[in-house]
Amino acid sequence: MISIDLGDITILDCDAIVNAANKTLLGGGGVDGAIHRRAGRELLAECRTLGGCETGEAKITKGYNLKAKYVIHTVGPICSTQKNQASLLANCYKNSLDLALKHDIHSIAFPAISTGVYHYPLEEATKIAISTVKTWLDMHKDYKLDIIFSCFDEKTYNMYQRYLEA
Ligand code: AR6
(Lines give C-alpha, C1' and ligand atoms only; values in the text may rest on other atoms or scores of the structure.)
Protein backbone atom coordinates (compact mmCIF):
# COMPACT_ATOMS: atom_id res chain seq x y z
CA MET A 1 0.00 0.00 0.00
CA ILE A 2 1.22 3.49 -0.84
CA SER A 3 0.08 6.55 1.12
CA ILE A 4 1.03 10.21 1.43
CA ASP A 5 1.52 12.05 4.70
CA LEU A 6 1.70 15.81 5.07
CA GLY A 7 4.00 16.70 7.95
CA ASP A 8 7.15 15.79 9.83
CA ILE A 9 8.71 12.42 9.00
CA THR A 10 10.45 12.25 12.39
CA ILE A 11 7.21 11.64 14.27
CA LEU A 12 5.93 8.83 12.06
CA ASP A 13 5.30 5.47 13.68
CA CYS A 14 6.65 3.03 11.13
CA ASP A 15 9.43 0.43 11.01
CA ALA A 16 11.85 2.71 9.19
CA ILE A 17 12.18 6.28 8.04
CA VAL A 18 14.52 7.29 5.25
CA ASN A 19 16.97 10.13 5.68
CA ALA A 20 17.99 12.36 2.77
CA ALA A 21 21.58 12.62 3.97
CA ASN A 22 24.87 13.79 2.50
CA LYS A 23 27.92 11.65 1.74
CA THR A 24 29.45 12.13 5.19
CA LEU A 25 26.36 10.76 6.97
CA LEU A 26 27.29 13.10 9.80
CA GLY A 27 24.17 15.24 9.77
CA GLY A 28 23.19 18.47 8.09
CA GLY A 29 20.14 20.66 7.56
CA GLY A 30 16.66 19.86 6.27
CA VAL A 31 15.21 16.46 7.04
CA ASP A 32 18.68 15.17 7.98
CA GLY A 33 18.98 17.74 10.78
CA ALA A 34 15.45 17.04 11.98
CA ILE A 35 16.07 13.28 12.16
CA HIS A 36 19.34 13.68 14.05
CA ARG A 37 17.78 16.13 16.49
CA ARG A 38 14.92 13.83 17.37
CA ALA A 39 16.90 10.56 17.30
CA GLY A 40 19.57 11.94 19.62
CA ARG A 41 23.35 11.80 19.78
CA GLU A 42 23.56 8.04 19.62
CA LEU A 43 22.47 8.21 16.00
CA LEU A 44 25.43 10.41 15.13
CA ALA A 45 27.73 8.03 17.01
CA GLU A 46 26.51 5.07 14.94
CA CYS A 47 26.73 7.12 11.73
CA ARG A 48 30.39 7.83 12.48
CA THR A 49 31.09 4.10 12.22
CA LEU A 50 29.62 3.80 8.72
CA GLY A 51 32.35 5.49 6.69
CA GLY A 52 30.02 7.72 4.70
CA CYS A 53 27.82 6.78 1.77
CA GLU A 54 28.03 7.24 -2.00
CA THR A 55 25.31 8.99 -3.97
CA GLY A 56 22.45 6.60 -4.69
CA GLU A 57 23.57 4.12 -2.03
CA ALA A 58 21.89 3.48 1.33
CA LYS A 59 22.98 2.46 4.83
CA ILE A 60 20.93 1.50 7.86
CA THR A 61 21.13 2.44 11.54
CA LYS A 62 18.91 2.08 14.55
CA GLY A 63 16.32 4.77 15.21
CA TYR A 64 17.22 5.51 18.86
CA ASN A 65 14.73 8.08 20.23
CA LEU A 66 12.55 7.96 17.13
CA LYS A 67 9.38 5.89 17.03
CA ALA A 68 10.84 4.22 13.95
CA LYS A 69 13.06 1.26 14.76
CA TYR A 70 15.45 2.04 11.92
CA VAL A 71 16.76 4.95 9.89
CA ILE A 72 17.84 4.23 6.33
CA HIS A 73 20.28 6.90 5.20
CA THR A 74 20.56 7.56 1.50
CA VAL A 75 22.34 10.27 -0.47
CA GLY A 76 20.46 11.89 -3.31
CA PRO A 77 22.11 13.55 -6.31
CA ILE A 78 22.86 17.26 -6.17
CA CYS A 79 20.97 18.81 -9.05
CA SER A 80 23.11 20.00 -11.99
CA THR A 81 26.44 18.70 -10.74
CA GLN A 82 25.82 15.02 -11.19
CA LYS A 83 25.58 12.99 -14.38
CA ASN A 84 22.88 10.32 -14.54
CA GLN A 85 21.02 12.12 -11.80
CA ALA A 86 17.71 10.44 -12.60
CA SER A 87 19.17 6.97 -12.20
CA LEU A 88 21.06 8.02 -9.06
CA LEU A 89 17.83 9.30 -7.54
CA ALA A 90 16.02 6.09 -8.51
CA ASN A 91 18.85 4.12 -6.87
CA CYS A 92 18.18 5.93 -3.57
CA TYR A 93 14.66 4.51 -3.50
CA LYS A 94 15.60 1.08 -4.83
CA ASN A 95 18.56 0.57 -2.47
CA SER A 96 16.52 1.77 0.52
CA LEU A 97 13.78 -0.73 -0.34
CA ASP A 98 16.31 -3.54 -0.75
CA LEU A 99 17.65 -2.74 2.73
CA ALA A 100 14.10 -2.73 4.10
CA LEU A 101 13.55 -6.22 2.72
CA LYS A 102 16.83 -7.43 4.16
CA HIS A 103 15.91 -6.15 7.65
CA ASP A 104 12.33 -7.40 7.69
CA ILE A 105 10.93 -3.86 7.59
CA HIS A 106 7.26 -3.73 6.66
CA SER A 107 6.53 0.00 6.76
CA ILE A 108 8.85 2.71 5.47
CA ALA A 109 8.52 6.47 5.06
CA PHE A 110 10.44 8.42 2.42
CA PRO A 111 11.00 12.18 2.31
CA ALA A 112 11.17 13.85 -1.11
CA ILE A 113 14.86 13.05 -1.54
CA SER A 114 17.03 15.74 -3.22
CA THR A 115 14.19 18.24 -3.65
CA GLY A 116 15.31 20.58 -0.86
CA VAL A 117 18.90 21.76 -0.45
CA TYR A 118 19.94 19.59 -3.43
CA HIS A 119 17.41 21.40 -5.71
CA TYR A 120 16.21 18.46 -7.78
CA PRO A 121 13.12 19.64 -9.70
CA LEU A 122 10.12 18.50 -7.66
CA GLU A 123 7.99 17.20 -10.51
CA GLU A 124 10.75 15.04 -12.00
CA ALA A 125 11.78 13.78 -8.57
CA THR A 126 8.20 12.86 -7.71
CA LYS A 127 7.77 10.86 -10.92
CA ILE A 128 11.02 9.00 -10.26
CA ALA A 129 10.10 8.28 -6.62
CA ILE A 130 6.68 6.91 -7.48
CA SER A 131 7.70 4.85 -10.50
CA THR A 132 10.71 3.34 -8.74
CA VAL A 133 8.66 2.36 -5.71
CA LYS A 134 5.85 0.92 -7.83
CA THR A 135 8.28 -1.11 -9.91
CA TRP A 136 9.94 -2.46 -6.77
CA LEU A 137 6.59 -3.41 -5.22
CA ASP A 138 5.60 -5.16 -8.46
CA MET A 139 8.80 -7.17 -8.32
CA HIS A 140 8.23 -8.16 -4.68
CA LYS A 141 4.56 -9.02 -4.65
CA ASP A 142 5.01 -11.66 -1.96
CA TYR A 143 6.52 -9.19 0.53
CA LYS A 144 4.18 -6.91 2.47
CA LEU A 145 5.59 -3.40 2.63
CA ASP A 146 3.67 -0.20 3.30
CA ILE A 147 5.16 2.91 1.73
CA ILE A 148 4.54 6.39 3.08
CA PHE A 149 5.64 9.41 1.06
CA SER A 150 6.28 12.04 3.72
CA CYS A 151 5.68 15.53 2.33
CA PHE A 152 6.76 18.49 4.39
CA ASP A 153 4.77 21.10 2.49
CA GLU A 154 1.56 21.27 0.49
CA LYS A 155 3.32 21.79 -2.82
CA THR A 156 5.09 18.45 -2.40
CA TYR A 157 1.95 16.77 -1.09
CA ASN A 158 -0.10 17.97 -4.07
CA MET A 159 2.55 16.80 -6.50
CA TYR A 160 2.58 13.30 -5.01
CA GLN A 161 -1.19 13.20 -4.97
CA ARG A 162 -1.29 14.17 -8.64
CA TYR A 163 1.16 11.49 -9.77
CA LEU A 164 -0.15 8.76 -7.50
CA GLU A 165 -3.61 9.24 -8.96
CA ALA A 166 -2.25 9.31 -12.53
N1 AR6 B 1 9.95 15.72 7.46
C2 AR6 B 1 9.71 15.44 6.16
N3 AR6 B 1 10.29 16.10 5.14
C4 AR6 B 1 11.13 17.10 5.46
C5 AR6 B 1 11.45 17.46 6.79
C6 AR6 B 1 10.82 16.71 7.81
N7 AR6 B 1 11.05 16.96 9.11
N8 AR6 B 1 12.31 18.50 6.77
C9 AR6 B 1 12.53 18.81 5.47
N10 AR6 B 1 11.81 17.97 4.69
P11 AR6 B 1 16.36 18.29 2.21
P12 AR6 B 1 18.01 17.12 0.06
C13 AR6 B 1 11.70 17.91 3.22
O14 AR6 B 1 16.95 19.61 1.96
O15 AR6 B 1 17.44 18.05 -0.94
C16 AR6 B 1 20.88 18.20 4.25
O17 AR6 B 1 21.63 19.26 4.75
C18 AR6 B 1 12.08 19.15 2.44
O19 AR6 B 1 11.02 20.11 2.50
O20 AR6 B 1 16.19 17.84 3.61
O21 AR6 B 1 18.12 15.66 -0.31
C22 AR6 B 1 21.70 16.92 4.07
O23 AR6 B 1 22.69 16.79 5.06
C24 AR6 B 1 12.22 18.55 1.06
O25 AR6 B 1 10.94 18.36 0.48
O26 AR6 B 1 17.23 17.11 1.46
C27 AR6 B 1 22.30 17.12 2.71
O28 AR6 B 1 23.46 17.92 2.76
C29 AR6 B 1 12.83 17.17 1.33
O30 AR6 B 1 12.59 16.93 2.74
C31 AR6 B 1 21.21 17.85 1.95
O32 AR6 B 1 20.44 18.52 2.94
C33 AR6 B 1 14.32 17.06 1.07
O34 AR6 B 1 14.96 18.26 1.46
C35 AR6 B 1 20.30 16.92 1.21
O36 AR6 B 1 19.43 17.67 0.43
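Please read all numbers here as calculations on a predicted model, not as lab measurements. First listed ligand is number 1; within each ligand, the first listed atom is number 1. Position 1 is the first residue of the sequence, and the numbers go up from there.
Using a 4.5 Å heavy-atom threshold, the side chains of Ile4 and Ile148 count as separate. Between His140 and Leu101, the closest side-chain pair of non-hydrogen atoms falls below 4.5 Å.
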Distances only, to 0.1 Å: what are the N or O pairs between ligand 1 and the protein that fall under 3.5 Å?
residue, atom, partner, partner atom, Å
ligand 1, 1 (N), Ile9, N, 2.9
ligand 1, 7 (N), Asp8, OD1, 2.8
ligand 1, 14 (O), Val117, N, 2.8
ligand 1, 15 (O), Ser114, O, 3.4
ligand 1, 15 (O), Thr115, N, 3.4
ligand 1, 15 (O), Gly116, N, 2.8
ligand 1, 15 (O), Val117, N, 3.2
ligand 1, 15 (O), Tyr118, N, 3.1
ligand 1, 17 (O), Gly29, N, 2.7
ligand 1, 20 (O), Val31, N, 2.8
ligand 1, 21 (O), Ser114, N, 2.8
ligand 1, 23 (O), Asn22, ND2, 2.7
ligand 1, 23 (O), Asp32, OD2, 2.7
ligand 1, 25 (O), Thr115, OG1, 3.2
ligand 1, 28 (O), Asn22, ND2, 3.4
ligand 1, 28 (O), Tyr118, OH, 3.4
ligand 1, 34 (O), Gly116, N, 3.4

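Among all heavy-atom pairs drawn from Ala125 and Thr115, the shortest one is CB-CG2, 3.4 Å.
A donor atom on one side chain and an acceptor atom on the other are not found under 3.5 Å apart for His106 and Asp15.
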Could you go step by step and tell me if Lys102 and Asp104 meet the salt bridge (charged side-chain N to carboxylate O under 4.0 Å, His left out) rule?
CA-CA 6 Å; Lys102 200 171 156 193; Asp104 200 34; over 6 Å; no

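For the pair Lys23 and Glu54, the salt-bridge criterion is met [side-chain N within less than 4.0 Å of a carboxylate O].
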